[in-house]
Number of protein chains: 2
Amino acid sequence: MQADSALARELRHHYLFSALTEAQQARLLATAVPRRLAAGEQLFSRGDSAGQFFLLRSGCVKLYRLSPDGGEKIMRLIRPAQTFAESVLFMDVPRFPVSGEAVDAAELVAFDRETFLGVLRESFATCRAVMAQMTRRIQSHWDEIETLALENSRYRVVHYLLGLVPRNAQGRIAVTLPARKMVIAAHVAVTPETLSRTLRALSDEGLIEVAGDEVTVCDVEKLRCHMH
Amino acid sequence: MQADSALARELRHHYLFSALTEAQQARLLATAVPRRLAAGEQLFSRGDSAGQFFLLRSGCVKLYRLSPDGGEKIMRLIRPAQTFAESVLFMDVPRFPVSGEAVDAAELVAFDRETFLGVLRESFATCRAVMAQMTRRIQSHWDEIETLALENSRYRVVHYLLGLVPRNAQGRIAVTLPARKMVIAAHVAVTPETLSRTLRALSDEGLIEVAGDEVTVCDVEKLRCHMH
DNA sequence: CGGCGGACTTGATGCCCGTCAAGGCGCCGG
DNA sequence: CCGGCGCCTTGACGGGCATCAAGTCCGCCG
């Protein structure tokens, strides 16, 4: 790998690597393997045995599971500068718990599990960072579970929208949807049709305004209390 | 605390403590606070700032969130010998992300956050144990999200039942429901009525047999492929 | 430009499932 | 023994949402 310097610079701001010494980072890079994926290409399947985790450098990757009836549930969308499949680091028999596939053409780096565990042993700060990150992930899962457990689709959509606006936001605020509406519909477990209808109903009631993938919430407070 | 020896014995088999030296365990116990809860008594509310996590010694505790319309979603049921709210260990501003309340009268021990973090710094083995546990939790959340995202209630119930049987189970197998049916219904986001009807339909079709909280799956394979 | 395909929207229809209500059953205290 | 109280079950009904099917809009490419 000779494009190391650019990669090393990217790593410096990543939670998994920022607390490591240069020497430790070098050890990781020595066993790192670059990889390219075409759009739609599969990276791994649920159940595959796993010896590495990944950093996405460009493009977009989805982690998903297939439901029995052929539908797919997207568990997470990976954006550039995010790592994923770190969970294989800590499993006794490391297997991927989800499938991973490139949405857009992607450029990524695979890090070796054992090498990283060796480095981790020497860096408590990185351990803490990992645990903090996992804590955040668990809480975002709780949010998602909370959304999915809501009885009707309107609540789920509103709950999802509220999850997009910053915690302390007030009044009027614009957000851009993080993915195509089809994908979002899958996230909140409704059909694209219902999502469309629900957004229309909300905008007819003057609660939001929709323009493409730009959604502006007219009054965050009102929308929040609209859930009650 | 003079009932220490019994408590110390319980800790020895717990993932958070088993890798610690006697001295480290002693440090933890020195700042541990025993606590009793009556049935229905609240331990903490979502959003409360948190300086400790808990080990349940007897009874039953539920972690839950209230939905806007007053319904509650149980995120996790805590059984004796389990710790909970460990996530407060790793948050920058530690707050409880869910509410906690005793279902049955409960006996528990509160451990001090800072003390535990101090011990954790000295034990990489415990770090690994924590990360492994969090990994398992994340994956069980994925399972739950997968369940909740299933479109109809029959699939959700079957998926839940299949989650109860051991991974490699085959043929006929009996499981006992881990909670009252009302609670399970909440878990899979259906009403108790629908759960009841679904179980009846499944047993009418000869797929399962229900007797109280004992459910025997007549043929795991058939039930599994029944999802497809 | 004009044809094509994919994403989104909108409409009509049917059915799943939530709601309400009435029973059956075990448990408890009187 | 009875009466009361939860929990579970079963029934009837209505609404919400998935499904199917057009229709619109837009980007793409020949």
Side-chain angles (χ1 to χ4, degrees), chain A residues 39-40 60 62 67-74 77 103-105 147-161 176-205 208-215 227, chain B residues 39-40 60 62 67-74 77 103-105 147-161 176-205 208-215 227:
Chain A
C60 181
K62 68 179 174 187
S67 38
D69 50 6
E72 78 171 26
K73 167 68 185 156
I74 295 182
L77 274 178
V103 179
D104 307 325
T147 300
L148 288 172
L150 292 174
E151 54 295 338
N152 66 49
S153 62
R154 160 176 280 240
Y155 280 159
R156 291 206 293 281
V157 171
V158 172
H159 196 271
Y160 178 85
L161 288 180
T176 113
L177 300 180
R180 284 202 307 267
K181 289 182 182 161
M182 284 185 63
V183 174
I184 292 175
H187 256 86
V188 297
V190 300
T191 57
E193 294 93 326
T194 301
L195 175 61
S196 176
R197 275 186 257 265
T198 305
L199 290 177
R200 160 146 297 272
L202 289 172
S203 68
D204 281 352
E205 295 168 26
I208 65 174
E209 290 163 14
V210 182
D213 62 350
E214 294 287 330
V215 175
M227 299 277 296
Chain B
C60 181
K62 67 178 175 189
S67 36
D69 51 6
E72 79 171 24
K73 167 67 187 158
I74 295 181
L77 274 178
V103 178
D104 307 326
T147 300
L148 288 172
L150 292 174
E151 53 295 339
N152 66 50
S153 62
R154 158 175 283 239
Y155 280 159
R156 291 205 295 279
V157 171
V158 171
H159 196 271
Y160 179 85
L161 289 178
T176 113
L177 300 180
R180 284 201 308 266
K181 290 182 182 161
M182 285 183 65
V183 174
I184 291 175
H187 255 80
V188 296
V190 300
T191 57
E193 293 94 328
T194 300
L195 175 61
S196 177
R197 275 186 256 265
T198 304
L199 290 177
R200 161 145 297 274
L202 289 172
S203 68
D204 282 352
E205 295 169 26
I208 63 173
E209 290 164 15
V210 182
D213 60 352
E214 295 288 330
V215 175
M227 298 276 297

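Proteins come first, then strands; the chains are lettered A, B, ... in the order of their sequence lines, and each starts at number 1.
Of the residues in residues 180-191 of chain B, those placing a heavy atom less than 4.0 Å from an atom of DNA chain D are B:Arg180, B:Lys181, B:Met182, in numerical order.
For the pair A:Ser153 and B:Ala179, nearest-nucleotide mapping onto DNA chain D gives the more 5' position to B:Ala179.
Atom NE2 of B:His187 sits about 9.0 Å away from atom CG of B:Leu148, to the nearest 0.5 Å. Put simply, CZ on A:Arg197 and OG1 on A:Thr191 are 7.0 Å apart, with the number rounded to the nearest 0.5 Å. The structure places CG of B:Leu161 at 7.0 Å from CG of B:Leu177, a figure rounded to the nearest 0.5 Å. Atoms OG1 and CZ, on B:Thr194 and B:Arg154 in that order, are 12.5 Å from each other to the nearest 0.5 Å.
Atom OH in B:Tyr155 sits roughly 15 Å away from atom P in D:dA18 (whole-Å rounding). Rounding to whole angstrom units, CG of residue A:Asp213 and P of D:dG27 are separated by 12 Å. Distance, A:Glu151 CD to D:dG15 C1': 14 Å, rounded to whole Å. At whole-Å resolution of the value, CG in A:Leu150 and C1' in D:dC17 are 16 Å apart. Separating the CG atom of A:Asn152 from the C1' atom of D:dG15 is a distance of 11 Å, rounded to the nearest angstrom.
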(message) Could you go through B:Val103 and B:Arg180, starting from their C-alpha distance and side-chain angles, then the distance that decides it, and tell me whether this counts as side chain to side chain contact (heavy atoms under 4.5 Å, CB included)?
(response) CA-CA 12 Å; B:Val103 178; B:Arg180 284 201 308 266; 5.5 Å; no
(request) Go through A:Leu199 and A:Lys181 one step at a time and tell me if the side chain to side chain contact (heavy atoms under 4.5 Å, CB included) criterion holds. (result) CA-CA 11 Å; A:Leu199 290 177; A:Lys181 289 182 182 161; 4.3 Å; yes
(message) Run the side chain to side chain contact (heavy atoms under 4.5 Å, CB included) test on A:Cys60 and A:Leu77 for me, step by step, so that the C-alpha distance in whole Å, both residues' side-chain angles and the decisive distance to 0.1 Å come before the verdict.
(response) CA-CA 7 Å; A:Cys60 181; A:Leu77 274 178; 4.1 Å; yes
(message) Could you walk me through whether A:Val190 and A:Thr198 satisfy the side chain to side chain contact (heavy atoms under 4.5 Å, CB included) test, starting with their C-alpha distance in whole Å, then the side-chain angles of each, then the deciding distance to 0.1 Å, before giving a yes or no?
(response) CA-CA 10 Å; A:Val190 300; A:Thr198 305; over 6 Å; no
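A:Leu150 and A:Tyr155 get closest at one heavy-atom pair: CD1-O, 3.7 Å.
Between the B:Arg156 side chain and the B:Ala189 main chain, a donor and an acceptor come within less than 3.5 Å of each other.
Between the base of D:dG16 and the side chain of A:Arg197 there is no donor-acceptor pair shorter than 3.5 Å.
Taking the 5' to 3' direction, DNA chain C first and last meets chain B under 4.0 angstrom from a heavy atom at C:dC17 to C:dC20.
You'll find the side chain of A:Val183 stays beyond 4.5 Å of the side chain of A:Pro178, heavy atoms only.
Within 4.0 Å (heavy atoms only), B:Arg200 reaches sugar-phosphate atoms of the nucleic acid but no base atom.
The C1' atoms of five pairs define one axis at each end of the helix from C:dC1-D:dG30 to C:dG23-D:dC8, and these two axes lie 30° apart (to 10°).
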